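Quick caveat, the model's predicted, so the values are computed rather than measured. The chains referred to below are lettered A, B, ... by the order of the sequence lines, with proteins before strands, and numbering in each begins at 1.
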Amino acid sequence: MNLLATDIPYWGQSLLRVLGGLVAVLLPAGTIVYLFLFKMMSFMQSRLGPMEAGPYGSMQLLAEVGKWMQKEDLAPAAADHRIFKMAPLVVLVSTFLLVVVIPFGPDAWFTNFSVGVFYGLAVASISVLGILIAGWASANKYSLLGGLRAAGQLIAYELPMVLATLGVVIQAGSMNLQDIVVAQNTGEIFGFSGLGNPYIFTQFIGFLIFMIAVQAELTQAPFDMPIAESELVSGYMTEYSGFRFLIFFIAEFATAGVFALIASVLFLGGWGIPFEWFGWTSVDDVDNWMNLAGPVIMFTKMLVLTFIIMWVRFSFPRFREDQLQTFAWKILIPLALANTAITATLKVAF
Amino acid sequence: MSEFLRDYLTVVWFGATALAVGGLLLGLAALVRPSNPNPDKLVAYESGVDPVGDGWSQSQIRYYVFALLFVIFDVEAVFLFPWAASIERYGTFGLVAMLIFIVLLLDGLIYAWKRGLLRWV
């Protein structure tokens, strides 16, 4: 079945996958930064944003990379140098490991884990390690506080995310992301199968909880207490300069893209279109052109979801630290547990 | 090599790619960036004034209770996921068993709540 496995040797497949992975990480990151961070944010604040580098500032990203490359790479004398220099790479590794599970088409996947959801949630928390060691190794009080806040926030919102995913796993009956996509596109809502069954309809509470948790995991406002610039300068990134800072920055927005991709797999039907439209019944029937259309569909859904993430980011004021923890532990987690119980009961009852 | 091992080997390649990309960009930057550190630049940043004490000074860490609670709830997920993936095989018996499990967990959360552990002091 696997198109890649039939005629290409293993090293060729791996090379293709790695190149695909690079595109899947860097293209969303670049698009999000230019389209949303540079342009949308500017328009929301009644200004034009970058206009000089290229038409409508479209080359601004290249200019930025060139600028950051020329900046001095400083590490404070008191810092733990080896760990300090390693931290941004740990965060970047977390992003690359996360993109591995996402299917982009019937054959266009990197890995086909039977425990895909579980693997994704596991590697997503590696970035917490990177942030913690960045905060600790900087030997700076702002950095340490920022790192600890980030760790506290990320673990608090990891739980609602895990529990919200549980509802999807119960409905699909599988932890394999490819199976989840197929289950959504072959499903039906109350006997109506023209749209399939994207879980955003049947798991709407789960979707809301998941998106809130994603917002917090990405430390985007209103959940940006760890890098609260008015009190902590820049949190765990305070001491970073030059390209190491840029790697943190790239990883942040690449992770935003990857989380949006995962959310679109779990809740919006992933790469698929309702199989009924073309008379497909299983993933083996799906025509080959979906391997090309799939990534485009995924990219579109990713843009819609990141648009919402950024919209919230630009619109809401920051949560206070205690409000943030209370919101996760006293509202989201009980709600997500209730959602799980109700979903399971309905699934067994019908 | 089995499909299973190949899938996990792909994970290794992706991790290596991330390190290679990061390392390559940092290496390229090393060719063009200046490097003339002086003691003032290497002082810890505390809004422009001389840093007070050491960076690793004592500070109150308020998150350890949350960390402990997190471990409990995350281990719970390990038990919930396999059940969720094959919920139809276990039927009503599995559902009742897992609902009891979830209620016990909620009980733990409520206990921590009542003890005031979820209040950020």
### Task
Between chain B and each of A:Ile247, A:Val162, A:Leu159, count heavy-atom pairs under 4.5 Å; write down the option with the most.
A:Leu159
### Task
Counting only heavy atoms closer than 4.5 Å, note whether A:Leu163 contacts chain B via side chain, backbone, both or neither.
side chain
### Message
Other residues, nucleotides and ligands only: do more than 12 of their heavy atoms fall within 6.0 Å of CZ on B:Phe79?
### Response
no
### Query
Checking A:Phe110 against chain B: side chain, backbone, both or neither under 4.5 Å from a heavy atom?
both
#### Entry: OG1 on A:Thr345 to CE on B:Met98, rounded to 0.5 Å
12.5 Å
### Task
Could you pull out the closest heavy-atom pair between A:Val348 and B:Gly91, with the gap in Å?
CG1-C, 3.9 Å
#### Entry: Partner chain A: residue of B:Val12, B:Leu106, B:Leu80 with the largest heavy-atom pair count (under 4.5 Å)
B:Leu80
### Task
Would you mind checking which part of A:Ala75 comes under 4.5 Å of any heavy atom in chain B, side chain (CB onward), backbone (N, CA, C, O), both or neither?
backbone
### Task
Can you tell which part of A:Lys85 gets under 4.5 Å to a heavy atom of chain B, answering side chain, backbone, both or neither?
neither
### Task
For A:Lys71, look at atom NZ and say whether over 12 heavy atoms of other residues, nucleotides or ligands are found less than 6.0 Å away.
no
### Query
Per the side-chain contact (heavy atoms from CB on, under 4.5 Å) rule, which among B:Leu19, B:Thr17, B:Val21 passes with A:Val93?
B:Leu19
### Message
Can you tell me how far apart CD1 (A:Ile333) and CZ (B:Phe70) are? Round to the nearest 0.5 Å.
### Response
9.5 Å
### Query
Roughly how far apart are A:Thr340 OG1 and B:Trp83 CH2, rounded to 0.5 Å?
7.5 Å
### Task
Under 4.5 Å heavy-atom distance to chain A, tell me which part of B:Leu99 shows up: side chain, backbone, both or neither.
side chain
### Message
If we define contacts as heavy-atom pairs under 4.5 Å, which of A:Val169, A:Val117, A:Val99, A:Asn112 has the most with chain B?
### Response
A:Val169
### Task
Could you look at A:Val65 and say if it's the side chain, the backbone, both or neither that has a heavy atom under 4.5 Å from chain B?
neither
### Query
Donor-acceptor pair, B:Glu88 side chain versus A:Gly173 backbone, under 3.5 Å?
no
### Message
Under 4.5 Å from any heavy atom of chain A, what part of B:Leu95 do you find: side chain, backbone, both or neither?
### Response
side chain
### Query
Of the listed residues (A:Leu74, A:Asp73, A:Leu22), which shares the most heavy-atom pairs with chain B below a 4.5 Å separation?
A:Asp73
### Query
side-chain contact (heavy atoms from CB on, under 4.5 Å) with B:Phe14: which of A:Val100, A:Val25, A:Val123, A:Thr111?
A:Val100
### Task
Let me know if A:Ser174 has heavy atoms under 4.5 Å from chain B in its side chain, its backbone, both or neither.
backbone
### Query
Hey, what do you get for CZ (B:Arg33) to CD (A:Glu72), rounding to the nearest 0.5 Å?
9.0 Å
### Engaged part of A:Ile250 at the chain B interface, taking heavy atoms whose separation is under 4.5 Å
neither
### B:Leu42 CG to A:Glu239 CD distance, which is reported to the nearest 0.5 Å
9.5 Å
### Plane angle bin for A:Phe113 and B:Tyr8 - parallel if under 30°, tilted between 30 and 60°, otherwise perpendicular
tilted
### Task
Take B:Val11 and A:Tyr119, measure what side chain to side chain contact (heavy atoms under 4.5 Å, CB included) needs, and give me the verdict at the end.
CA-CA 11 Å; B:Val11 173; A:Tyr119 167 87; 3.2 Å; yes
### Query
How long is the span from the CG atom in A:Leu89 to the CG atom in B:Leu26, to the nearest 0.5 Å?
6.0 Å
### Query
Of the non-hydrogen atoms in A:Leu92 and B:Ala18, which two are nearest, and what is the gap between them?
CD2-O, 3.7 Å
### Task
Go through the atoms of A:Val115 and report whether side chain, backbone, both or neither lie under 4.5 Å from a heavy atom of chain B.
side chain
### Query
Taking all atoms of both residues into account, what is the closest heavy-atom pair of A:Phe118 and B:Ala77, and its distance?
CE1-O, 4.3 Å
### Side chain proximity check, B:Leu31 to A:Met69, heavy atoms < 4.5 angstrom
no
